[in-house]
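See below for the structure under consideration.
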Protein chains: 2
Amino acid sequence: MLRVATFNVNGIRATQKRGFENWLAARECDVVALQEVRCPVPLLPDGVFGTYHLSYDAGQLAGRNGVAVLTREQPTDVRCWGAGALVRAPGDSHVELREPAERDVMARELKAFATEGRYLEVDLSDRPLTVASLYLPKGGLPAHLQEAGRNGREKPDGGAKYERKMRFLAGFARHLTRARRRAAAQGREFVVMGDFNIAHDKLDIKNWRGNQSSEGFLPEERAWLDEILSPRTLVDVVRRLHPDTEGPYSWWSWMGQSFAKDSGWRIDYQFATPRLARSAVRGGTDRDESYEARMSDHAPVVVDYDF
Amino acid sequence: MLRVATFNVNGIRATQKRGFENWLAARECDVVALQEVRCPVPLLPDGVFGTYHLSYDAGQLAGRNGVAVLTREQPTDVRCWGAGALVRAPGDSHVELREPAERDVMARELKAFATEGRYLEVDLSDRPLTVASLYLPKGGLPAHLQEAGRNGREKPDGGAKYERKMRFLAGFARHLTRARRRAAAQGREFVVMGDFNIAHDKLDIKNWRGNQSSEGFLPEERAWLDEILSPRTLVDVVRRLHPDTEGPYSWWSWMGQSFAKDSGWRIDYQFATPRLARSAVRGGTDRDESYEARMSDHAPVVVDYDF
DNA sequence: CGTATAATG
DNA sequence: CATTCTACG
């Protein structure tokens with residue numbers, strides 16, 4: 001059994017104070033992909049990653065983004081888009097910069113995102129598997145929807161953030177094709193997981209009708225997920241396990257009663273190559289009373305693979 | 001009996017959470033001068049000023065400075081250096097901008113400080129008295145002491161903050177002379193109180209020997225207090241009551257064990273015209289177990305006048 | 001070490 | 001309605 005989690009922690013220092021370490025110890029995952037770690041390496045709280053190997057790309061935007069992968073085993077290779085990922089063995093106090101064994105040709109559209117700490121890929125060897133942690137730009141509304149002004153006080157930007165997200169999507173689709181091909185050539189399965197900042201379908205958002213003009217549920221964004229997902233390429237593992245469930249949502253606004261009323265969005269995913277996806281036996285989100293307080297505005301998405 | 005307090009609250013919203021309202025209700029002051037209120041009027045917590053009349057100059061630096069005077073009686077005049085002070089009657093929900101009955105000729109050096117929310121003067125009528133709340137710039141080290149680099153990581157500014165403070169001191173000395181004369185001409189006593197950001201003498205700071213090159217205890221700063229204080233002009237009321245006491249300190253760094261070890265500075269004062277000063281029967285600081293937690297890095301300085 | 005803001009989500 | 005950062009104290 002292989003237990004894999006993805007979790008947007010929204011600031012590991014805050015999440016830790018709310019019981020992240022207990023969750024990590026209790027949940028007994030083999031792999032945990034983290035997003036929005038938002039912490040320079042020297043300020044990572046002691047012991048916050050327990051006995052896991054850490055691979056981390058903090059990016060260069062102080063206090064923002066930052067993706068990591070925690071693994072029980074030592075990775076055989078670590079790839080990111082920036083200067084190189086930081087790696088640390090369990091119990092070790094210092095990190096080292098790890099250059100990838102081979103460097104990818106980066107999709108042109110992604111170069112502008114390379115130093116933002118948004119993507120990290122890790123090769124494992126106990127099982128033939130590559131795991132990736134993604135924090136996809138949240139984006140914004142296109143210019144014509146900002147005029148309409150349905151959403152309150154955000155300053156209009158002429159659609160700049162929306163268009164930037166679309167460029168990321170274009171580049172990342174190409175990256176995914178390459179990553180799948182590399183994995184296939186090496187006889188590995190591949191799973192890319194994290195915060196995609198897009199709800200895919202009507203089941204993936206509480207009020208789909210009222211949100212068709214909301215960033216994160218725009219037709220163009222949803223169409224991009226249609227494009228990268230297919231039974232032959234990448235499969236939405238949790239949806240495959242729960243084809244008719246509303247949710248399970250993975251994000252709720254901090255505001256109002258969103259969480260209490262389960263008025264959420266499913267925007268955190270595990271997208272796996274077909275064979276790996278078929279091996280999934282159980283999966284869902286941890287919005288559990290058993291883990292006491294809410295650790296983040298996102299919940300962990302955990303899948304057990306019989307792999 | 002007239003009970004007068006001055007208190008640098010270092011953010012009224014934070015202080016409120018630590019029991020400011022209880023202190024205010026229990027202490028039964030007639031006048032409370034506040035500094036570093038650090039809060040725009042619309043964000044003042046409901047009821048934080050109890051049943052007092054509020055006079056407030058928030059200044060125009062978001063989240064910084066801001067001086068207020070709370071009074072049991074309605075002031076007959078309110079003067080500040082900016083656009084006009086805000087006043088609010090007890091229980092009233094809206095503030096109004098109050099223009100002074102007569103506007104001072106402002107000392108030339110003070111014009112640069114006029115919109116920073118550092119000074120407010122209030123005339124009372126039940127007793128012939130003018131009370132003022134002052135938040136004096138903290139300043140910095142002169143250039144030659146920055147080179148020496150005795151104090152750690154602060155970025156050198158070529159003595160700019162020090163010189164700015166000295167300009168304030170020059171202007172404020174002139175203002176005090178005028179304010180005393182105005183009061184005298186009206187048959188009023190006058191008390192100026194607040195955070196002067198200068199410890200006057202050896203008794204006013206824990207480790208005077210080690211702090212002779214520290215901002216706030218520099219010879220030039222101490223000499224300025226020598227200059228404005230005299231038995232015929234303004235009298236340091238608490239020191240008059242406690243001529244031989246170490247302290248009582250009114251400020252302790254948040255860092256380390258300063259408060260626990262009473263390693264503090266006396267930088268918050270009540271300076272009163274001679275007749276008023278002579279009427280003081282009791283005075284000191286509230287660093288009391290009776291008021292539970294520490295409300296601020298400063299403690300209230302409270303004096304009872306038999307006036 | 002604590003108070004604020006601002007940008008971001 | 002949270003998380004950071006930065007400036008200031």
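No hydrogens, no waters, no symmetry mates; every other heavy atom, side chains included, goes into these values. To find a chain, count down the sequence lines: A is the first, B the second, and so on, and within it residues start at 1.
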Presence of donor-acceptor pair under 3.5 Å, side chain of A:Arg64 and base of D:dT4:
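No, no donor-acceptor pair under 3.5 Å.
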Using the side-chain heavy atoms of [X], tell me which of these nucleotides is nearest: [options].
{"X": "B:Asn10", "options": "C:dT3, C:dG9, D:dT3", "result": "C:dT3"}
{"X": "A:Trp254", "options": "C:dT8, D:dC1, C:dT3", "result": "D:dC1"}
{"X": "B:Arg38", "options": "C:dT5, C:dT3, C:dC1", "result": "C:dT3"}
{"X": "B:Lys138", "options": "C:dA4, D:dG9, D:dC5", "result": "D:dG9"}
{"X": "A:Arg118", "options": "C:dT3, D:dT4, C:dG9", "result": "C:dG9"}
{"X": "A:Arg13", "options": "D:dG9, D:dT4, C:dT3", "result": "D:dT4"}
{"X": "A:Arg18", "options": "D:dT3, C:dG9, D:dG9", "result": "D:dT3"}

Rounded off to whole Å, could you give me the [atom1]-to-[atom2] distance for the [X] and [N] pair?
{"X": "B:Trp265", "N": "D:dG9", "atom1": "CH2", "atom2": "P", "answer": "15 Å"}
{"X": "A:Phe196", "N": "C:dG9", "atom1": "CZ", "atom2": "C1'", "answer": "18 Å"}
{"X": "A:Trp252", "N": "C:dG9", "atom1": "CH2", "atom2": "C1'", "answer": "16 Å"}
{"X": "B:Leu34", "N": "C:dT3", "atom1": "CG", "atom2": "P", "answer": "17 Å"}
{"X": "A:Glu116", "N": "D:dT4", "atom1": "CD", "atom2": "P", "answer": "19 Å"}
{"X": "B:Glu36", "N": "C:dT3", "atom1": "CD", "atom2": "P", "answer": "12 Å"}
{"X": "A:Gln35", "N": "D:dT3", "atom1": "CD", "atom2": "P", "answer": "18 Å"}
{"X": "A:Trp251", "N": "D:dC1", "atom1": "CH2", "atom2": "P", "answer": "13 Å"}

Taking the six-membered ring for Trp and the single ring otherwise, decide whether the centroids of A:His175 and A:Trp81 are under 6.0 Å apart.
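That pair passes the under 6.0 Å test.
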Checking the side chain of [X] only, and the main-chain atoms of [Y] only, is there a donor and an acceptor separated by less than 3.5 Å?
{"X": "B:Ser133", "Y": "B:Leu34", "answer": "yes"}
{"X": "B:Thr15", "Y": "B:Gly11", "answer": "yes"}
{"X": "B:Tyr269", "Y": "B:Arg266", "answer": "yes"}

Residue mapping more 5' on DNA chain D - nearest nucleotide basis, A:Pro40 or B:Pro137
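With B:Pro137 and A:Pro40 compared, the 5'-side residue is A:Pro40.
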Residue whose nearest DNA chain D nucleotide is more 5′ - B:Tyr135 or A:Val37:
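The 5'-side residue here is A:Val37.
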Base, sugar-phosphate or nothing for A:Asp297? Non-hydrogen atoms, less than 4.0 Å.
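Nothing, no heavy atom under 4.0 Å.
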If you define the side chain from C-beta out and look only at heavy atoms, does anything of A:Leu225 sit under 4.5 Å from A:Arg222?
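No; the side chains remain at least 4.5 Å from each other.
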